[in-house]
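I have placed the structure first, in the form of structure tokens, so that the comments after it can refer back to it.
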Amino acid sequence: MEDIFVARVMSTTVHTVTPDTLVETAAQVMLDNGIGSVVVVDDDNRLEGILTTTDFVRIVSERQPKDQTPVSTYMSTDVVTTTAQDRIRDAADTMVDHDFHHIPVVDDEEGVIGMVTTSDLAGYLSRVQAPSPSE
């Protein structure tokens, strides 16, 4: 099978927030859009971090909700990324190796350009025709 690249399966609608966005605002963005993460970017769309539903478990356990905490307090800053030109197998392997459900897609010129999620991968796989077993 030919190499399939990240650009083919990534979601290009990426919901972003800034490091000073309040966590309750970020949570509302996630709820309103039915997504499991928001990407944290600077004014030039450069990746600063990521905030996921897993981070919200920590937020609730450590703080009272509605405490005016900025996203930067909880976002992951050592974000593993991929590019649109990377092989989808490599991105999927990275997600499995790190137990990630999301991996941002970045570009040197444009910053964050997309996101690959487990749903994106499952959707792609459901459309791929598996070879018939040999008889």
Side-chain angles (χ1 to χ4, degrees):
M1 177 164 49
E2 66 185 87
D3 286 340
I4 304 301
F5 298 99
V6 167
R8 185 163 172 186
V9 300
M10 72 182 191
S11 301
T12 56
T13 302
V14 180
H15 297 277
T16 62
V17 297
T18 61
D20 60 342
T21 300
L22 298 180
V23 293
E24 53 265 24
T25 302
Q28 195 60 57
V29 169
M30 292 167 66
L31 285 172
D32 289 348
N33 293 285
I35 56 176
S37 68
V38 288
V39 177
V40 185
V41 297
D42 65 14
D43 292 336
D44 295 321
N45 199 40
R46 299 290 172 207
L47 182 67
E48 294 281 321
I50 190 169
L51 191 72
T52 69
T53 53
T54 303
D55 296 318
F56 277 98
V57 172
R58 195 168 83 241
I59 291 168
V60 170
S61 71
E62 292 179 8
R63 298 191 180 261
Q64 297 298 316
K66 302 288 186 187
D67 69 352
Q68 304 295 302
T69 303
V71 165
S72 60
T73 302
Y74 288 100
M75 70 184 189
S76 300
T77 56
D78 56 343
V79 182
V80 176
T81 63
T82 190
T83 70
Q85 295 77 33
D86 287 339
R87 291 179 336 131
I88 193 62
R89 180 180 301 272
D90 295 336
D93 286 346
T94 298
M95 291 171 73
V96 169
D97 290 346
H98 294 282
D99 196 27
F100 291 160
H101 298 278
H102 316 85
I103 189 168
V105 183
V106 296
D107 177 81
D108 288 339
E109 299 296 318
E110 297 179 49
V112 178
I113 61 169
M115 177 78 77
V116 175
T117 68
T118 52
S119 295
D120 294 327
L121 295 174
Y124 173 74
L125 288 175
S126 73
R127 294 185 304 269
V128 174
Q129 181 176 356
S132 300
S134 56
E135 297 180 41

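The main-chain N or O of R46 is never found under 3.5 Å from a side-chain atom of D44 such that the two would form a donor-acceptor pair.
Under the 4.5 Å side-chain criterion, counting only non-hydrogen atoms from C-beta, T52 is not in contact with H101. A heavy-atom distance below 4.5 Å is not found between the side chains of L51 and V17.
The heavy-atom pair separating S37 from H102 by the smallest distance is OG-CD2, 3.3 Å. Between D86 and T83, the shortest heavy-atom contact is OD2-N, 2.9 Å. Looking at every heavy atom in both residues, E48 comes nearest to M75 through O-CE, 3.7 Å. A pairwise comparison of heavy atoms in H98 and V80 identifies NE2-CG2, 4.4 Å as the closest pair.
Tracing side-chain contacts under 4.5 Å through hydrophobic residues (I, L, V, M, F, W, Y), one never reaches F5 starting from V116; they form parts of separate clusters. Side-chain heavy atoms closer than 4.5 Å link hydrophobic residues (I, L, V, M, F, W, Y) into clusters, and following such links, even through other members, never connects F100 to V96.
In terms of the salt bridge (charged side-chain N to carboxylate O under 4.0 Å, His left out) criterion, residue partners of D55 (sequence neighbours excluded) are, by chain and number, R58. Shown here are the salt bridge (charged side-chain N to carboxylate O under 4.0 Å, His left out) partners of R87, two or more places apart in sequence or in another chain: D3, D90. Residues meeting the side-chain hydrogen bond (donor to acceptor under 3.5 Å, both in side chains) test with T81, sequence neighbours left out: none. Here A84 pairs with A7, V105, I113 under the side-chain contact (heavy atoms from CB on, under 4.5 Å) rule; sequence neighbours left out. E110 is linked by a side-chain hydrogen bond (donor to acceptor under 3.5 Å, both in side chains) to nothing, counting only residues two or more places apart in sequence or in another chain. For D78, the side-chain hydrogen bond (donor to acceptor under 3.5 Å, both in side chains) criterion is met by no residue, not counting sequence neighbours. Legend: residues meeting side-chain contact (heavy atoms from CB on, under 4.5 Å) with T25, ordered by chain and number and at least two apart, are T21, L22. Checked against side-chain contact (heavy atoms from CB on, under 4.5 Å), T73 has the following partners two or more places apart in sequence or in another chain: R63, T69, P70.
Alongside V57, the hydrophobic cluster contains no other residue (criterion: ILVMFWY side chains under 4.5 Å). Using a 4.5 Å cut-off between side-chain heavy atoms of Ile, Leu, Val, Met, Phe, Trp and Tyr, I50 falls into a hydrophobic cluster with V14, V39, V41, L47, V79, V106, V112, M115.
The list of ring pair (Phe, Tyr, Trp, His ring centres under 6.0 Å) pairs with a residue in residues 15-59, not counting sequence neighbours, is empty. Within the structure, every pair that satisfies the side-chain hydrogen bond (donor to acceptor under 3.5 Å, both in side chains) test and touches residues 112-122, not counting sequence neighbours, is listed here: S11-D120, T117-D120.
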- Applying side chain to side chain contact (heavy atoms under 4.5 Å, CB included), run through T94 and I103 and close with a yes or a no. CA-CA 9 Å; T94 298; I103 189 168; 3.9 Å; yes
